[in-house]
Amino acid sequence: MGAIADLSDLIHRATGGAGGNPQTLMFHKTPRIGSTTGTTPIAGRPATLWRYSGISSGSGAIPPSGPAVCTRDTNGAISGWDNPAIGKELYLTQAFCTGINSGTLLLYDRLLQCGGLSGSVGGAKTVQGATPTVPLTRYTDGRDNFAFAEIHTQIGVTTSAILMTYKNRFGVTRTGPSVLFGNTNYREATRAIMLPLAESDYGITSVESVTYATTGTAGNISIVIGQPIAYLGVSAAGTPTFRDFVSGLPGIPKIQPDACLSLLWIPTIAGSHEITGGLSFVEA
Amino acid sequence: MTLEIISYSQYLDLLKSSQAVTSLTLASLTAVIGLPMDLWRSQRPVPPIPPEPAALNGESLGNINGDWGITFATNILGCRFQSQGAGVIMLCDRLVHCAGLTAVSGFDQFPDMPALPRYTSGNGVWMGLTIYATLGTVATDVLITYTNQDGISGRSSIIRFGATSNREVGRMIFVPFQDGDTGVRSVDVVRVNDDTTTAGNFGVTLFRPITTIVTEKAGGNANLNYVEGGLLGLQDLDPDACLFGIGIFGIALAQANGVLLLGA
């Protein structure tokens with residue numbers, strides 16, 4: 001595996017030297033899912049952009065039942081970039097984004113999804129199970145992996161709570177604290193409800209199950225495991241942010257081969273999003 | 001390394017919105033805040049609304065790089081940039097475009113555009129609908145049928161235009177891809193589902209994003225480059241490129257100008 005030696009090496013690679021294979025990838029997300037206007041995001045609360053139409057992601061499908069690994073070939077992933085050559089690694093050196101409304105964009109690698117959960121059936125719901133038959137294929141050590149409940153079709157108005165039982169970085173089964181689930185602000189289509197970890201944990205290797213009481217309406221829910229890559233803020237409408245990972249924290253993130261690059265949006269105001277951004281990569 | 005500097009400027013000036021376009025007065029656009037604007041006609045010399053479908057190159061009237069005299073591939077190394085407002089200019093290679101489509105149709109319209117002159121597979125090529133004359137106030141769906149980067153025809157996408165923010169002169173409405181596609185080779189059919197109440201004039205533009213100039217704050221002269229930020233990548237520039245900008249601005253009245261530094 002390679003590393004970027006120094007700034008000169010980086011610039012050399014960024015112009016195509018040393019097999020740097022520089023790539024710049026623009027992306028765009030509309031506020032629509034196919035021919036339908038998407039649900040207006042809720043101020044301050046994460047929304048998934050998985051199913052929104054876009055360039056060059058298309059529109060992700062509602063995940064089917066059962067756990068499945070997501071890759072760059074999964075519909076909904078930002079595509080149009082090359083995997084690194086064998087023996088090399090891909091680095092994200094820069095990113096920008098702007099949009100019609102303010103908020104924060106989270107670029108993440110969507111590792112695994114498990115769909116088909118109902119909001120009207122209470123109790124524990126198996127995700128990967130105690131002994132996963134569909135394990136993670138990237139970030140398998142679990143470090144910094146996070147999980148969220150992704151609502152595709154609105155669930156009910158009965159206030160419930162959801163918690164997650166998972167294996168932490170060391171393979172120990174833990175149960176996180178519960179968070180609100182169902183009713184206003186916790187039921188709408190495209191809401192992403194983050195599932196907290198137990199105290200002192202900082203990663204997930206698998207999600208065994210989630211547990212909640214009925215919300216009164218089935219809706220359609222998935223559980224997603226992801227790895228955060230970059231946060232990009234839009235401070236005001238049309239005001240972009242530029243992240244230079246060469247001179248700014250958190251350093252230069254690696255992009256795993258076959259990564260399923262995906263987006264979460266945390267709006268400042270309740271308003272439809274329309275987001276344009278770009279990523280710059282080199283190999284080493 | 002050989003260096004050459006080219007200058008360009010982009011103007012979006014509300015105060016001149018009623019002025020005629022002359023050799024000294026730039027075309028006027030009202031920027032829709034936070035949404036893409038095609039800056040093709042907001043630069044000097046002002047190109048006409050496309051009279052017919054055309055493939056574009058470095059000699060096409062309207063490109064930023066007109067008369068630059070470079071016949072070899074270069075990299076965009078840096079940019080000195082000043083803007084009245086925060087915003088982004090996506091620098092793109094304009095490949096083919098057309099105008100003359102109507103927003104009152106309800107029937108199929110065929111852009112009949114020439115083949116891509118560069119990036120001929122279509123991989124990484126985007127499609128946008130450029131509005132040249134204001135559309136109506138009623139929003140409607142538009143179905144676009146296209147051929148993707150693998151030459152597969154019959155691919156489709158739906159966008160919505162008409163009504164505020166999606167009808168104004170200069171708005172470019174990006175057309176998303178069908179699942180699995182990474183680019184566009186040609187746009188074959190455009191169908192406006194319902195009448196927006198005003199025919200307007202819009203066209204299809206196929207372009208390849210090259211890099212972006214990003215300024216997070218208004219005013220000042222910013223030196224943007226790969227190391228210090230603000231300029232995405234160190235992108236190759238085809239010597240035949242027809243360079244133009246797509247602006248996404250934080251204010252409606254924006255004037256931006258700058259200098260690109262190229263090297264090879």
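Treat the numbers as computed from the prediction; the structure is a model and nothing was measured. Here is the naming used below: chain letters follow the sequence lines, and residue numbers restart at 1 for every chain.
- Only the side chain of A/V282 comes within less than 4.5 Å of a heavy atom of chain B; its backbone N, CA, C and O stay farther away.
- Of the possible donor and acceptor atoms, one in the side chain of A/K88 sits under 3.5 Å from a partner among the backbone N and O of A/G19.
- Between the side chains of B/T140 and B/D195, no donor N or O sits under 3.5 Å from an acceptor N or O.
- Here the closest non-hydrogen pair linking A/P253 and A/G251 is CD-O, 3.2 Å.
- For A/T239, the parts lying under 4.5 angstrom from a heavy atom of chain B are both the backbone and the side chain.
- For A/P240, the parts lying under 4.5 angstrom from a heavy atom of chain B are both the backbone and the side chain.
- With B/R185 contributing its side chain and B/Y146 its backbone, the two residues share no donor-acceptor pair below 3.5 Å.
- For the set A/T276, A/V234, A/V246, the count of heavy-atom pairs under 4.5 angstrom toward chain B peaks at A/T276.
- In terms of non-hydrogen atom pairs under 4.5 Å with chain B, the most contact-rich of A/G80, A/A236, A/A14 is A/A14.
- Counting heavy-atom pairs under 4.5 Å between each of B/D181, B/L231, B/I33, B/I159 and chain A puts B/L231 at the top.
- At least one donor-acceptor pair under 3.5 Å links the side chain of A/E283 to the backbone N or O of A/A85.
- Judged by distance alone, with hydrogens and angles left aside, the side-chain atoms of B/T205 form no donor-acceptor pair with the main-chain N or O of B/H97 at under 3.5 Å.
- Heavy-atom pairs under 4.5 Å with chain B peak, among A/S79, A/G60, A/G54, at A/G54.
- Of the atoms belonging to B/S157, not a single heavy atom falls under 4.5 Å from chain A.
- Looking at B/L143, there are no atoms closer than 4.5 Å to chain A (heavy atoms on both sides), in backbone or side chain.
- Residue contact with chain A, scored on non-hydrogen atoms closer than 4.5 Å, involves the side chain of B/Q235 exclusively.
- Heavy atoms of B/S165 lying under 4.5 Å from chain A are absent altogether.
- Atom SG of A/C97 and atom OH of A/Y231 lie 13.5 Å apart (nearest 0.5 Å).
- Across all their heavy atoms, A/I255 and A/A259 have their closest contact at CG2-CB, 3.8 Å.
- For the side chain to side chain donor-acceptor pair (under 3.5 Å) with A/D258, the lone residue among A/T137, A/T71, A/N83 that qualifies is A/N83.
- Looking at B/I210, the atoms closer than 4.5 Å to chain A (heavy atoms on both sides) all sit in the backbone: N, CA, C or O.
- Contact annotation for residues 99-114 of chain A against chain B (heavy-atom separation below 4.5 Å, listed by residue number): A/G99, A/I100.
- With hydrogens and angles disregarded, a donor-acceptor distance shorter than 3.5 Å links the side chain of A/R72 to the backbone of A/W81.
- Only the side chain of B/L35 comes within less than 4.5 Å of a heavy atom of chain A; its backbone N, CA, C and O stay farther away.
- Heavy atoms of other residues, nucleotides or ligands lying less than 6.0 angstrom from CZ of A/F245 number more than 12.
- Proximity to chain B (any heavy atom under 4.5 Å) is shown, for A/A61, by neither the backbone nor the side chain.
- If you measure heavy-atom distances from A/L7 to chain B, the contacts under 4.5 Å come from the side chain alone.
- Looking only at atom types and distance, the side chain of A/S35 has no donor-acceptor partner in the side chain of B/D141 under 3.5 Å away.
- With hydrogens and angles ignored, the 3.5 Å screen pairs no side-chain donor or acceptor of A/R243 with any backbone N or O of A/Q94.
- Residue B/E228 touches chain A through its backbone alone, counting heavy-atom pairs closer than 4.5 Å.
- If you run side chain to side chain donor-acceptor pair (under 3.5 Å) between A/T48 and each of A/E150, A/R191, A/H152, only A/E150 comes through.
- In this structure, the separation between CG on B/N75 and CD1 on A/I11 is 11.5 Å, given to the nearest 0.5 Å.
- In terms of heavy atoms, A/T24 sits closest to A/S280 at OG1-OG, 4.1 Å.
- Contact of B/V227 with chain A is made through backbone and side chain together, with heavy-atom distances under 4.5 Å.
- At a heavy-atom cut-off of under 4.5 Å, chain A is reached by B/W126 from residues 119-128 of chain B, listed in order of number.
- A distance-only check finds a donor-acceptor pair linking the side chain of B/R167 to the backbone of B/G136 [under 3.5 Å].
- A distance-only check finds no donor-acceptor pair linking the side chain of B/D108 to the backbone of B/R191 [under 3.5 Å].
- With a 4.5 Å cut-off on non-hydrogen atoms, A/T93 touches chain B through its side chain but not through its backbone.
- With a threshold of 4.5 angstrom between heavy atoms, A/S53 approaches chain B through its backbone and through its side chain.
- Once rounded to the nearest 0.5 Å, the distance linking CD1 of B/I158 with CD of B/Q178 reads 10.0 Å.
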